[in-house]
Structures are given as C-alpha cells and as structure tokens.
Amino acid sequence: MQRRDFIKQLAASGLIGMPWFEAHAAPAKKVQGRVVVIGAGYAGTTLAKYLRIWSGYGIEVVVIEQNTQFVSCPLSNLVLGGSRSINDLTFGYDLLQQHHGIQWVHDQVTHIDTTARKVTMRRGEMTYDRLVIAPGVDFNYSAWPEMQHAEAQRLVPHAWKAGPQTVNLRQQLESMPDGGVVVISIPKAPFRCPPGPYERTCQVALYLKQYKPKSKIIVLDANPDIVSKKALFLNAWKALYPGIVDYRPNSTVLHVNPVTREVETEFEHVKADVLNIIPPQRAGKPAQMAGLLNVDSNWCAVDFRSYASTIASEVHVLGDAVFSPQPKSAHIATSHAHVCANAIVAIMSGQEPDPEPVFANTCYSFVSDRMAVHVANVYRYDAEKKLMVTMDGGGLSDAPSDLEGTYAQSWARNIWSDALT
Amino acid sequence: MRFPVYTRFWSGLLLLSATGVYAEPASFPAHTLTLAASCAVCHGTNGHSATGFLSLAGMDAPTFVAKMQAYRTGSQAATVMHQHAKGLTEAEITALAEYFSVQPPQAVIEPQAQPLDLQHE
C-alpha cells in the first residue's frame with residue numbers, strides 16, 4: 001500500500017484527526033515532493049534509501065537506472081587476480097525497492113530539461129521537484145579516434161566499470177601465452193578510484209606469477225608518480241612480484257593501434273599481448289545532458305553542504321562526477337549521498353542544511369589475493385574554503401596484512417548490505 | 001494511559017506499511033545522521049555489522065566513548081580506527097555514542113549475489 005493511500009484510509013476512518021496521529025506523523029507529513037534519482041551505483045542507491053528513511057518515508061523517490069544489475073567496482077580487480085568471480089560482485093535491486101518503497105524505472109535518460117524540471121527517457125518522461133544525478137564516469141576517448149568504436153574497446157578493454165569488460169580482460173589474460181607483455185595505461189588524475197590501477201597491477205602480477213611466470217607488466221602512467229598509496233604499492237611489487245612489474249611514469253599514450261595492441265608515448269613504442277587502457281574520464285552522460293560539467297568541461301562543481309550543482313540549484317550531483325579534492329571512491333560516493341539526503345530533507349522542509357558536514361573515507365586495496373592496505377581520512381566542511389578539508393590523524397596502513405584483507409572483504413559485505421537492502 | 005500504546009502501534013504500522021523493514025529514530029540532527037551513516041559503510045546499517053567489523057548498534061554510550069578515546073590516545077591499537085577517531089570532535093563522538101546506543105536489535109540483510117547479465121553496460 002502506498003503511504004498516501006494509507007493516510008487516506010486513516011482519514012476516512014476518522015483516526016487522522018486524532019492528536020496523537022498528527023504528532024507522530026508530523027515528520028512524514030511535512031516533507032513531501034518527488035525526487036528523481038538518475039543512476040543506481042553506490043551514490044544513487046544510498047541516496048534513494050536514506051532519502052526515504054530520513055524523510056519519514058514522506059518524499060517520493062524515483063530511481064532511473066539503465067542496467068538491471070548492480071556490479072561492484074570495489075573488489076573487481078580480484079576477478080583479474082582470480083580470487084573472485086564477477087558473479088560474486090553482481091546483485092539485483094529488488095530488496096532496496098521493496099524495503100523502502102522506492103519507485104524504479106529501468107530506462108535510459110535521453111534528455112534533461114532543468115527549467116521545466118523534466119527528465120525524458122527512451123520510453124517516457126517524468127517531472128521532479130528535485131533531481132539527483134549520480135552518473136559515475138564517462139570514458140573520454142577523444143584523444144584516440146581509433147579507440148572510439150565498440151570493437152576497439154573489446155580488443156582493448158578499459159575494465160574500469162565492473163561487468164563484461166572485467167570478464168573480457170580476465171579472459172585475455174587467460175589466453176595470453178607465457179612470456180607475453182601486459183600493458184596497463186593510466187590516465188592523468190583525477191580518475192575513478194585513485195589506487196585502482198596500482199591494485200590492478202598487483203592482481204595481474206599475481207596471476208602472471210602463478211600461471212605465466214615468464215610474462216611481465218609494463219605500466220604506462222600519464223602521471224609523474226604513483227597517485228595513491230605509493231610506498232605500499234612499490235614495496236608490494238618488489239616483495240611479492242619481483243621482475244614482473246615495470247613502472248614507467250610520465251607516459252601518456254598518444255596513439256593506439258587496437259588491432260595490433262601497440263601504443264606510442266612521447267618516448268617510446270610499446271607492443272602488448274594484452275592491452276588495458278584506462279581512459280581519461282569525465283562526469284557521466286546524464287550530467288552532460290543537464291549541462292553541469294563546469295570544471296574543465298569534465299567535472300561538476302557543487303555546494304558541499306547539499307551537493308547542489310553550482311549551475312542549477314535544484315539539481316544535485318553525487319559520486320565520481322563531482323569535482324572535489326577527495327578520492328573518487330565508493331565510500332566517498334555514499335558520503336555524498338548521506339549529506340545530500342539530509343540536505344534535501346532539510347530544504348524540502350524549509351530548513352537550512354547542516355552547515356558543517358563531516359564524513360569519513362576508508363579505501364582498501366588488495367596487493368595479493370589475501371593481503372590488503374588502506375587509506376583512511378575524516379573530511380570536514382570548511383566554510384571559508386568552501387571545500388571538504390582533510391582532518392589531522394588520517395593515513396595509510398604500515399604494511400599489507402591478511403587482517404586488512406579480511407576487513408576489506410567485510411567492508412564490501414557491509415557496504416553492499418547498506419546500499420542494496 | 002491509552003495514548004502511548006496507540007502511538008507505538010500506529011506509528012509502527014505507518015512505517016511498516018511503507019517499508020516493511022526499517023525505522024529510524026528521528027531525534028538526531030542531520031550532522032549525526034550523516035556521520036553515523038559514514039560509520040555504517042564498514043560497521044553496517046545503523047551499526048549492525050554482517051561480518052568482520054564490530055557491531056556498534058546497542059553498544060552502551062560510555063563504552064563507545066571510551067573506545068574512541070583509547071583509539072585517539074593510541075592506548076588501543078587498531079588498523080584504521082586510530083586514524084578516524086582523531087578526526088572527530090568530542091561532541092561528535094558523544095553524539096555517535098548516543099546514536100548507536102539506542103539502535104534496536106535488527107537482523108542484517110545481505111543482498112544475494114547473482115550471475116552477471118553480459119548485456120550489462
């Protein structure tokens with residue numbers, strides 16, 4: 001039964017006029033309106049759930065998602081190493097919908113009109129009071145025209161959105177002869193999951209060490225140095241995978257031949273047997289449709305007290321699409337969702353959002369099948385800088401450990417439970 | 001005498017009708033709800049952990065505060081919590097302690113993994 005129908009029935013029964021009902025239904029009664037959420041990754045699912053809970057199930061929440069399944073990027077590098085299957089990381093959205101009365105639309109957004117407050121999809125359209133766009137990242141292949149076709153991206157997978165691309169890259173590793181060369185190309189920061197490419201290097205190295213020990217990995221990093229957890233990854237490569245990882249900084253890929261799997265940088269020509277190009281990224285397509293990419297034409301600037309776009313105040317942007325100094329991680333994406341959900345409830349109740357939100361980030365990376373490392377920080381809104389700033393005390397693991405590997409697996413189970421049920 | 005009974009019954013029914021599962025104590029400020037939800041990523045929804053991490057739900061408030069103080073001073077070793085504990089204010093730690101102490105017992109629900117549809121984009 002819809003809540004509104006329930007209240008109608010109560011009204012008909014005469015109960016709704018009783019003082020105790022008014023008093024206790026108050027939070028749900030005051031906060032009304034429709035919020036449309038585009039994208040059901042970590043940020044979108046979390047936003048939808050907490051918006052329902054914190055509005056006392058008053059706000060109507062509609063999620064538009066083009067895929068029927070949720071596939072976790074966290075842990076997906078383990079599929080390459082072989083300790084996890086993609087089927088361990090794939091889930092449905094049914095429990096989330098049922099538990100929280102979230103309306104679900106399986107469709108693809110084709111147009112967003114922020115003036116008319118209307119979202120158009122392939123099979124329909126919908127108006128909103130507030131819109132939340134949690135679009136993840138879009139891959140920008142404009143530097144390599146030769147990579148823009150689907151077939152090229154099959155030959156040279158990015159595997160930077162977990163799913164068939166992850167399976168494809170794993171299969172290419174399995175098909176590669178011993179003695180082959182795996183090339184991993186890393187774009188200039190910012191990109192989704194800063195430690196991810198280096199964790200991936202560990203996972204591919206783990207596979208090669210076990211099954212193709214004459215093979216090696218060349219990492220072509222467009223950045224001047226390892227972007228995240230540097231010492232931990234360097235030590236892991238040296239201690240666990242000696243002779244396998246050849247790391248080359250300042251190596252931007254200029255040209256790609258997807259058929260022969262050859263790349264050119266400013267300095268060299270490299271031929272790969274398996275070529276994994278993680279492309280440059282920008283805010284996902286729905287954010288582009290709404291015209292919200294106002295930082296370097298790639299990312300969306302927001303008010304960190306509400307995640308409202310600085311261009312359209314009734315449109316909120318969450319997760320990896322946001323321009324911020326924080327890492328583009330799943331934990332951060334859910335934190336954006338928590339702040340945004342609270343802010344929307346406040347705004348729709350005629351109140352001010354929390355002026356100084358605080359949240360934490362814990363990000364684990366696996367250096368083998370069992371051992372993990374982490375980076376952890378607390379972030380607090382700074383009214384002068386208008387940014388979330390890093391609090392003192394945060395930091396990294398001292399060294400990889402099995403204990404942190406166990407925690408990393410537990411982290412995944414708890415965030416899946418929180419975001420998907 | 002009848003009021004409290006009715007209140008519990010009807011407000012419980014209202015939530016159940018919409019949701020079936022969850023109820024949120026509404027008396028905490030947004031600041032605390034955001035922070036507690038940030039904890040939930042590792043420690044489970046409202047502090048109900050499925051596995052690995054300590055469940056915070058129902059922990060009495062003085063115990064919570066004492067643990068956080070021990071992480072801050074370093075008298076309690078940790079992999080991560082010594083780093084998080086230092087980033088919070090005393091008032092935030094107290095508020096989190098109160099929040100988790102009043103969370104009622106609740107079964108942890110985990111989503112079921114399923115085979116990937118290869119049409120996924």
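Within every chain, numbering begins at 1; the chains are lettered A, B, ... in the order of the sequence lines, protein sequences first and strands thereafter.
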Note to self: Could you walk me through whether A:Thr362 and B:His84 satisfy the side-chain contact (heavy atoms from CB on, under 4.5 Å) test, starting with their C-alpha distance in whole Å, then the side-chain angles of each, then the deciding distance to 0.1 Å, before giving a yes or no?
What the structure shows: CA-CA 9 Å; A:Thr362 305; B:His84 284 327; 2.7 Å; yes
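- Heavy-atom pairs under 4.5 Å with chain A were tallied for B:Glu92, B:His48, B:His31; the largest tally goes to B:His31.
- Between A:Trp54 atom CH2 and B:Leu33 atom CG the span is 5.5 Å, to the nearest 0.5 Å.
- Although no hydrogens or angles enter the test, the distance criterion places no donor-acceptor pair under 3.5 Å between the side chain of A:Asp418 and the main chain of B:Ala40.
- Of all the listed residues (A:Phe91, A:Tyr407, A:Trp411, A:Trp416), the one sharing the greatest number of non-hydrogen pairs under 4.5 Å with chain B is A:Phe91.
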Notebook entry, point to check: Does the side-chain contact (heavy atoms from CB on, under 4.5 Å) test come out yes or no for A:Asn414 and B:His43, once each step is laid out?
Noted result: CA-CA 7 Å; A:Asn414 277 328; B:His43 290 276; 5.8 Å; no
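- No donor-acceptor pair closer than 3.5 Å links the side chain of B:Gln114 to the backbone N or O of A:Asn87.
- When heavy atoms are compared at a cutoff of 4.5 Å, A:Thr390 does not approach chain B at all.
- When B:Ala50, B:Ala37, B:Gly52 are compared by the number of non-hydrogen pairs under 4.5 Å with chain A, B:Ala37 comes out ahead.
- Taking chain B as the reference chain and counting heavy-atom pairs below 4.5 Å, the highest number among A:Met391, A:Lys161, A:His338, A:Gln66 is found for A:His338.
- Contact annotation for A:Thr334: only side-chain heavy atoms (C-beta onward) come within less than 4.5 Å of a heavy atom of chain B.
- The distance from the CG atom of B:Leu116 to the CG atom of A:Asn67 is 9.5 Å, given to the nearest 0.5 Å.
- Neither the backbone nor the side chain of A:Asp398 comes within less than 4.5 Å of any heavy atom in chain B.
- Enclosure of atom CD in A:Glu356 by more than 12 non-hydrogen atoms of other residues, nucleotides or ligands within 6.0 angstrom is indicated.
- Of the listed residues A:Thr406, A:Val339, A:Asp354, A:Ile415, the one with more heavy-atom pairs under 4.5 angstrom with chain B than any other is A:Asp354.
- Counting only distance, with no hydrogens or angles, the side chain of A:Gln69 and the backbone of B:Pro115 share a donor-acceptor pair below 3.5 Å.
- Summarising the local packing, CD of B:Gln69 is surrounded by more than 12 heavy atoms from other residues, nucleotides or ligands at distances under 6.0 Å.
- Of the possible donor and acceptor atoms, one in the side chain of B:Gln83 sits under 3.5 Å from a partner among the backbone N and O of A:Leu396.
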Note to self: For A:Leu420 and B:Gln112: C-alpha separation, side-chain torsions, deciding distance, then whether side-chain contact (heavy atoms from CB on, under 4.5 Å) applies.
What the structure shows: CA-CA 10 Å; A:Leu420 297 170; B:Gln112 193 76 39; over 6 Å; no
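- A heavy-atom distance below 4.5 Å is found between the side chains of B:Thr45 and A:Tyr50.
- Taking CG of B:Leu88 as the reference point, atom CZ of A:Arg380 lies at 7.0 Å (rounded to 0.5 Å).
- Comparing A:Ser410, A:Ser401, A:Pro353 by heavy-atom pairs within less than 4.5 Å of chain B, the highest count is held by A:Ser410.
- At a threshold of 4.5 Å between non-hydrogen side-chain atoms, the residues B:Val80 and A:Tyr364 count as touching.
- Side-chain contact between B:Lys86 and A:Asp392 is absent, with no heavy atoms from C-beta onward closer than 4.5 Å.
- Counting heavy atoms from C-beta on, the side chains of A:His331 and B:Ser38 come closer than 4.5 Å.
- Using a 4.5 Å cut-off between heavy atoms, A:Asp94 makes no contact with chain B at all.
- Looking at A:Gln409, there are no atoms closer than 4.5 Å to chain B (heavy atoms on both sides), in backbone or side chain.
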Next item on the list: Might you work through the side-chain contact (heavy atoms from CB on, under 4.5 Å) test for A:Ser417 and B:Val108, ending with a clear yes or no?
Entry: CA-CA 8 Å; A:Ser417 169; B:Val108 178; 3.9 Å; yes
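- For A:Ala150, no part lies under 4.5 angstrom from a heavy atom of chain B.
- Smallest separation of non-hydrogen atoms from B:Leu35 and A:Val358: CD1-O, 3.5 Å.
- Proximity of B:His120 to A:Gln165: side-chain heavy atoms (C-beta onward) are nowhere separated by under 4.5 Å.
- Of the listed residues (A:Val345, A:Leu96, A:Val71, A:Leu95), the greatest number of heavy-atom pairs within a distance under 4.5 Å of chain B belongs to A:Val71.
- Under the 3.5 Å distance criterion, the side-chain polar atoms of B:Thr79 are left unmatched by any main-chain donor or acceptor of A:Glu404.
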